Amino acid sequence: MLSSYENFLKANILQFLNGSIIVESEVLFQRDGPAPTNSDLIRTVVTEVERKMDTYFDWRVDVKSIQSNGFSLENLEPEKLSVSFTALRLGLTAAFGGVVSQGPLDELSNVVVQSLEALYKVKSFSFVRLRDIKGDLEIHGEAYIDTHAHADVHQVLQVLRGLVNYSVDLTTLSVDDSRLSLQVFPISFLINNRIVNEKLLDHSSVEHQNLTRDLADVLMHALKKYQGLLQVVIRDLLSGSLICHGDVVFQHPAPASADVLQTLVLSVGPHDMLAGSGFQVDPYSFIVADEQLEPPFVYLSFPGYAVAITVMCGLVIIAIPIVALLYLNSRLFGWHDKAIIQGRRDHEAGTQTFELDNQGFCSTTGEVDGRHSYTPTKYSARE
């Protein structure tokens, strides 16, 4: 029963007394660590008896008879619950007790008390430590409640889920170091129609806080079909157009990350506007957990005049070698087609002789051994 205490050593049964069976015992704890109060010891025994006793024993314990150093169920001290969470965009002023932000702190305190009173009678609740974290406020508080058994931390966490309506990050909600069982999908995407400036990158600035709030509302609207959707938190804004990083928080059972990605992409309407809002996004920039759409392959457009120029250049490249080859052939072999006229004058005979030498056209004079002989053609003319 008492082994849940970190410094517990052992329990000794001292004696049994008359009156059914009355057990007297002592419990030892290490000196160098914190020891539970007498009221906590009684609650621990009562809790184990009520919840687990029937599992191990067939005998019954009268919980009203449990006493520890003068404490019993009649005069137990209130049980302390340590509650911590982070309030988004609450700002620097509240961290230093500023008057301006005292209203939101009082509202958070009232919500915590009202939520706990659904289960237990609350004696008090107070904030014991506040710390600013980049414009968000980390809050540690203590609640004192009347119980005879230890509070069911799981139930307490469930009733405190209502803090999500007051800008509390549910992933940071903790009660006695226990947290909600949540499914958290990291998400990022690119906004095209917002200009990055220093104020947007400053978490404590009004511009940053307003933009992150608006983006979270738009994403909640885009994912509203999921009944288990609890919260969308925008964690950061980065330069590079405007890149948003955040978390989508679901209770179990949660949808698959691929299904969430598809829902977000389908929520992008005409002109790439996200869920009917004024945010223009790149639908292929959405990343949910490890899921991302593959952008379609885009064929580069090629103008018609460029195609015509390319074809003409190709034809010129092909034609140049052909023309050069024809030109060279005509220079090397063109002498076969020429007629050479040679003339001789005979002054004594009074004649002029012309000799036409045409290698391409020759007369046949006869065959010798199956071969033809050729002679040049000669013409004579008298003056």
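Because the structure is a prediction, the values reported are computed rather than measured.
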Query raised in the report: Any donor and acceptor pair, going by atom type alone, linking the side chain of Asn75 with main-chain N or O of Phe71 inside 3.5 Å?
Result: no
Query raised in the report: Can you tell me if NE2 on His271 sees more than 12 non-hydrogen neighbours from other groups inside 6.0 Å?
Result: no
Query - Gln251, Gln158, His154 screened by side-chain contact (heavy atoms from CB on, under 4.5 Å) with Leu180, the one that passes - result: Gln158
Query raised in the report: What do you reckon, is CG of Asp290 surrounded by more than 12 foreign heavy atoms closer than 6.0 Å?
Result: no
Query raised in the report: Mind checking whether Cys313 and Ile309 have side chains closer than 4.5 Å, heavy atoms only?
Result: yes
Query - Verdict with reasoning, Val196 to Arg194, per side-chain contact (heavy atoms from CB on, under 4.5 Å) - result: CA-CA 6 Å; Val196 180; Arg194 289 293 185 276; over 6 Å; no
Query raised in the report: side-chain contact (heavy atoms from CB on, under 4.5 Å) between Leu229 and Val249: does it pass, once the steps are laid out?
Result: CA-CA 6 Å; Leu229 177 64; Val249 183; over 6 Å; no
Query - Side-chain donor-acceptor pair present, Glu79, Thr147, cut-off under 3.5 Å - result: yes
**Report entry** Sidechain-backbone polar pair: Ser109 side chain, Leu105 backbone, donor-acceptor under 3.5 Å
**Finding:** no
Requested in this report: Check whether any side-chain heavy atom of Asn193 lies under 4.5 Å from a side-chain heavy atom of Met273, and answer yes or no.
Outcome: yes
Sequence neighbours left out, cut at 3.5 Å: what donor-acceptor pairs do the side chains of residues 117-130 make with other protein atoms?
| residue | atom | partner | partner atom | Å |
| --- | --- | --- | --- | --- |
| Tyr120 | OH | Asp152 | N | 2.8 |
| Arg129 | NH2 | His140 | NE2 | 3.1 |

Query raised in the report: Asn192 versus Asp282: any side-chain heavy-atom pair under 4.5 Å?
Result: yes
Query raised in the report: For Asp176, what residues pass the side-chain hydrogen bond (donor to acceptor under 3.5 Å, both in side chains) criterion, not counting sequence neighbours?
Result: none
Query raised in the report: How far apart are the closest heavy atoms of Glu291 and Ser257, and which atoms are they?
Result: CG-OG, 3.2 Å
Requested in this report: May I ask you to test the Ser115-Leu163 pair for a side-chain heavy-atom distance under 4.5 Å?
Outcome: no
Report task. Answer yes or no: is there a donor N or O on one side and an acceptor on the other, between the side chain of Asn210 and the main chain of Val206, under 3.5 Å? Result -> yes
Query raised in the report: Run the side-chain contact (heavy atoms from CB on, under 4.5 Å) check on Val164 and Leu173 step by step: do they pass?
Result: CA-CA 10 Å; Val164 69; Leu173 178 60; over 6 Å; no
Query raised in the report: Does the side chain of Asp169 come within less than 4.5 Å of Thr172's, by heavy atoms?
Result: yes
Query raised in the report: Restricting to pairs with a member in residues 171-193, which pass ring pair (Phe, Tyr, Trp, His ring centres under 6.0 Å), not counting sequence neighbours?
Result: Phe185-Phe250, Phe189-Phe286
Query - All pairs passing ring pair (Phe, Tyr, Trp, His ring centres under 6.0 Å) where residues 163-184 contributes a residue, at least two apart - result: none
**Report entry** Atom pair CG (Asn38) and CD1 (Ile66), whose distance is rounded to the nearest 0.5 Å
**Finding:** 13.0 Å
Query raised in the report: Does a side-chain heavy-atom distance below 4.5 Å link Ile234 with Ile187?
Result: no
Query raised in the report: Could you state the interatomic distance from CZ (Arg89) to OG (Ser205), rounded to the nearest 0.5 Å?
Result: 12.0 Å
Query raised in the report: Can you tell me how far the OG atom of Ser277 sits from the CG atom of Leu215, to the nearest 0.5 Å?
Result: 8.0 Å
Requested in this report: Determine whether more than 12 heavy atoms belonging to other residues, nucleotides or ligands lie under 6.0 Å from atom CG of Leu315.
Outcome: yes
Report task. Answer yes or no: does atom CG of Asp177 have more than 12 heavy-atom neighbours from other residues, nucleotides or ligands under 6.0 Å? Result -> no
Query - Side-chain donor or acceptor of Gln231 paired with backbone N/O of Val168 under 3.5 Å - result: yes
Report task. First locate atom CD of Glu207, then atom CG of Asn197, and finally report the distance between them rounded to the nearest 0.5 Å. Result -> 7.0 Å
Requested in this report: Measure the shortest side-chain to side-chain distance between Leu182 and Leu230 over non-hydrogen atoms and say whether it is less than 4.5 angstrom.
Outcome: yes
Requested in this report: Supply the atom-to-atom distance Ser188 OG to Ile287 CD1, rounded to the nearest 0.5 angstrom.
Outcome: 4.0 Å
Report task. Please list, chain by chain and in numerical order, all residues satisfying side chain to side chain contact (heavy atoms under 4.5 Å, CB included) with Lys80, sequence neighbours excluded. Result -> Ser82, Glu142, Tyr144
**Report entry** Contact check, side chains of Lys64 and His148, non-hydrogen atoms, under 4.5 Å
**Finding:** no
Query - Step-by-step side-chain contact (heavy atoms from CB on, under 4.5 Å) determination, Leu170 to Phe85 - result: CA-CA 7 Å; Leu170 291 182; Phe85 52 84; over 6 Å; no
Query raised in the report: Same cluster for Val268 and Leu190 if Ile/Leu/Val/Met/Phe/Trp/Tyr side chains link at under 4.5 Å?
Result: no
Query - With Ile322 via side chain to side chain contact (heavy atoms under 4.5 Å, CB included) - residues at least two apart - result: Ile318, Leu326
Query raised in the report: At what distance, to the nearest 0.5 angstrom, does CG of Leu238 lie from CG of Leu201?
Result: 7.5 Å
**Report entry** Qualifying residue for side chain to side chain donor-acceptor pair (under 3.5 Å) with Arg235, from Asp136, Asp247, Thr212
**Finding:** Asp247
Requested in this report: Test His150 against every option in Thr44, Thr47, Asp40 by the side chain to side chain donor-acceptor pair (under 3.5 Å) rule and name the one that passes.
Outcome: Thr44
Query raised in the report: Any chance the side chains of His203 and Asp236 put a donor and an acceptor closer than 3.5 Å?
Result: yes
